[in-house]
Amino acid sequence: ISVHICITDQETTVRGPYLQLIGFQELSSERFQFSGNDTSQNLLNDDLIEDVRAMSFKIAGYAAEHGYKGIFGIDFLWDKRSNKAYVQELNMRFVGLTRLLTGIQKKRGIKPDIVRHIEAFCPSIQLQPNAVFSEDNTEMQTENYAQVIIHNNLQSPIIVTRYLEPGIYKSQDSSFKKVNTSLFVKNLKDEEVLITYSAHKGVVLKPGEMINRIIVPRSIISCDEYRIEEWATTMIFQFRQYCTEAI
């Protein structure tokens with residue numbers, strides 16, 4: 001599980017924890033390869049969330065005392081049997097969650113952490129001087145989104161046969177139709193998918209290399225166990241079949 005943190009002179013903000021997508025054969029043949037995030041918290045009970053957030057604030061406080069500013073992420077290992085979380089690593093940089101949370105924050109009218117990050121280093125810069133932002137950050141917890149990285153999950157190379165230009169698409173029969181050139185989550189409707197990266201046609205991908213990176217406006221993880229929902233498995237297979245073929 002992951003936590004997203006932003007430290008400024010005024011406050012320290014902790015977002016999450018959120019699930020990481022790891023260990024799914026549908027996404028990668030590499031057992032521990034990071035394959036995205038899911039913002040649903042259905043599998044995380046209140047005690048776990050409280051413990052992770054408390055640890056995150058302590059770590060963020062230590063970082064702030066030593067002069068750190070801006071965004072960073074913390075990854076935790078979650079032992080489901082004991083419902084305990086353990087700090088795995090600190091990533092003192094923009095992280096995978098940054099892109100996803102920025103989109104959700106813009107949709108909700110919440111000042112994006114990435115804007116607050118820039119302002120922390122350049123206080124004279126006003127990136128959105130006339131914008132009115134909501135102060136109710138709790139609304140983010142009601143937004144279920146998933147950022148999914150689809151890798152070559154075979155043990156042999158594949159070749160990219162179709163390039164999907166970044167934008168918003170809708171599944172149509174066995175292909176994908178582009179319905180909007182926007183790259184913003186706020187323009188993403190139900191049943192649509194935002195492609196933020198696609199490997200170019202003719203590229204040969206080794207096992208574990210990225211085919212597509214997408215965002216969908218709902219959780220892909222089941223609400224009762226750590227598994228990918230059937231509709232999402234079908235969508236992932238469709239992307240792989242449409243964009244690549246075995247060599």
Side-chain angles (χ1 to χ4, degrees), residues 1-2 16-44 75 78 80 95-104 107 140-154 158 160-180 182-199 205 207-245:
I1 54 181
S2 296
Y18 300 119
L19 292 167
Q20 282 194 17
L21 303 178
I22 290 179
F24 292 108
Q25 183 66 36
E26 299 96 322
L27 296 174
S28 177
S29 59
E30 303 294 330
R31 185 178 178 188
F32 298 110
Q33 185 167 21
F34 172 76
S35 296
N37 300 94
D38 195 302
T39 63
S40 173
Q41 294 186 321
N42 286 327
L43 288 181
L44 309 178
D75 291 341
W78 172 30
K80 291 180 63 180
V95 292
L97 270 171
T98 303
R99 179 186 298 102
L100 181 59
L101 294 184
T102 298
I104 298 174
K107 177 186 176 184
M140 285 187 61
Q141 303 307 108
T142 67
E143 295 280 2
N144 288 342
Y145 280 83
Q147 178 174 237
V148 185
I149 303 172
I150 304 172
H151 301 95
N152 174 10
N153 65 345
L154 302 179
I158 58 176
V160 179
T161 54
R162 288 188 180 92
Y163 170 68
L164 293 173
E165 185 179 59
I168 296 175
Y169 287 74
K170 196 163 189 176
S171 175
Q172 190 175 59
D173 299 325
S174 59
S175 63
F176 293 92
K177 178 184 179 182
K178 193 172 189 178
V179 295
N180 197 322
S182 173
L183 300 178
F184 292 105
V185 167
K186 66 180 181 180
N187 299 126
L188 187 57
K189 300 176 183 178
D190 292 343
E191 309 302 325
E192 293 180 344
V193 55
L194 171 59
I195 298 177
T196 60
Y197 171 85
S198 184
L205 301 176
E209 291 191 317
M210 187 188 309
I211 303 170
N212 306 104
R213 182 171 55 231
I214 64 175
I215 293 176
V216 291
R218 50 180 167 160
S219 172
I220 71 166
I221 297 296
S222 171
C223 65
D224 55 359
E225 60 180 307
Y226 189 63
R227 64 176 175 81
I228 297 180
E229 292 275 22
E230 185 175 344
W231 69 265
T233 299
T234 300
M235 176 192 66
I236 292 163
F237 174 79
Q238 187 176 352
F239 264 105
R240 185 174 279 110
Q241 187 176 48
Y242 185 73
C243 295
T244 69
E245 63 182 36

Taking atom [atom1] of [X] as the centre, does the number of heavy atoms from other residues, nucleotides or ligands within less than 6.0 Å exceed 12?
X      : atom1 : result
Phe237 : CZ    : no
Glu225 : CD    : yes
Asp173 : CG    : no

Looking only at non-hydrogen atoms, find the nearest pair between [X] and [Y] and report the distance.
X      : Y      : result
Glu191 : Lys170 : O-CG, 4.0 Å
Val160 : Ala199 : CG1-O, 3.4 Å
Gly96  : Asn37  : C-OD1, 3.9 Å
Ser198 : Asn212 : OG-ND2, 3.1 Å
Arg227 : Asp224 : NH2-OD1, 4.1 Å
Asn180 : Asn187 : ND2-CB, 4.2 Å

> Counting only N and O atoms by type, is there a donor-acceptor contact under 3.5 Å from the side chain of Gln238 to the main-chain atoms of Ser171?
Replying inline: no
> Is a side-chain N or O of Arg162 found less than 3.5 angstrom from the main chain of Tyr242, in a donor-acceptor match?
Replying inline: yes
Just verifying a value: how many Å separate [X] [atom1] and [Y] [atom2], rounded to the nearest 0.5 Å?
X      : Y      : atom1 : atom2 : result
Leu44  : Lys80  : CG    : NZ    : 9.5 Å
Ile228 : Glu26  : CD1   : CD    : 4.0 Å
Ser219 : Glu229 : OG    : CD    : 7.0 Å
Ile22  : Ile1   : CD1   : CD1   : 11.0 Å
Ser222 : Asn42  : OG    : CG    : 9.0 Å
Asn144 : Cys223 : CG    : SG    : 10.5 Å

Under 4.5 Å between any side-chain heavy atoms of [X] and [Y], yes or no?
X      : Y      : value
Thr233 : Phe24  : no
Pro17  : Gln41  : yes
Asn152 : Thr244 : no
Leu21  : Asp38  : yes
His151 : Ser35  : yes

> Which is it for Lys189 and Val179 under the side chain to side chain contact (heavy atoms under 4.5 Å, CB included) test, yes or no, and what are the steps along the way?
Replying inline: CA-CA 10 Å; Lys189 300 176 183 178; Val179 295; over 6 Å; no
>> Is there a side chain to side chain contact (heavy atoms under 4.5 Å, CB included) between Ile149 and Arg213? Walk through the geometry before answering.
In response: CA-CA 4 Å; Ile149 303 172; Arg213 182 171 55 231; 4.0 Å; yes
>> Show, in sequence, the C-alpha distance, side-chain angles and deciding distance for Leu100 and Tyr18, and conclude whether the side chain to side chain contact (heavy atoms under 4.5 Å, CB included) test is met.
In response: CA-CA 11 Å; Leu100 181 59; Tyr18 300 119; over 6 Å; no
> Taking the six-membered ring for Trp, are Phe176 and Phe239 parallel (under 30°), tilted (30 to 60°) or perpendicular (over 60°)?
Replying inline: parallel
>> One pair to check against side chain to side chain donor-acceptor pair (under 3.5 Å): Glu245 and Thr161. What are the steps and the verdict?
In response: CA-CA 7 Å; Glu245 63 182 36; Thr161 54; 5.1 Å; no
>> If you apply the rule side chain to side chain donor-acceptor pair (under 3.5 Å), what do you find for Ser2 with Asp75, and how did you get there?
In response: CA-CA 5 Å; Ser2 296; Asp75 291 341; 3.0 Å; yes
>> Let's go through Leu194 and Tyr145 carefully: what are the C-alpha distance in whole Å and the side-chain angles of both, what is the deciding distance for side chain to side chain contact (heavy atoms under 4.5 Å, CB included) to 0.1 Å, and is it a yes or a no?
In response: CA-CA 11 Å; Leu194 171 59; Tyr145 280 83; over 6 Å; no
> Would you call Glu192 and Arg218 a salt bridge, using N to O less than 4.0 angstrom?
Replying inline: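 Salt bridge flag = no for Arg218 with Glu192.
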> Does Phe184 have any ring pair (Phe, Tyr, Trp, His ring centres under 6.0 Å) partners at least two apart in sequence or in another chain, and if so, which?
Replying inline: none
> For the side-chain contact (heavy atoms from CB on, under 4.5 Å) test, which of Leu27, Leu164, Ile158 pairs with Ile211?
Replying inline: Ile158
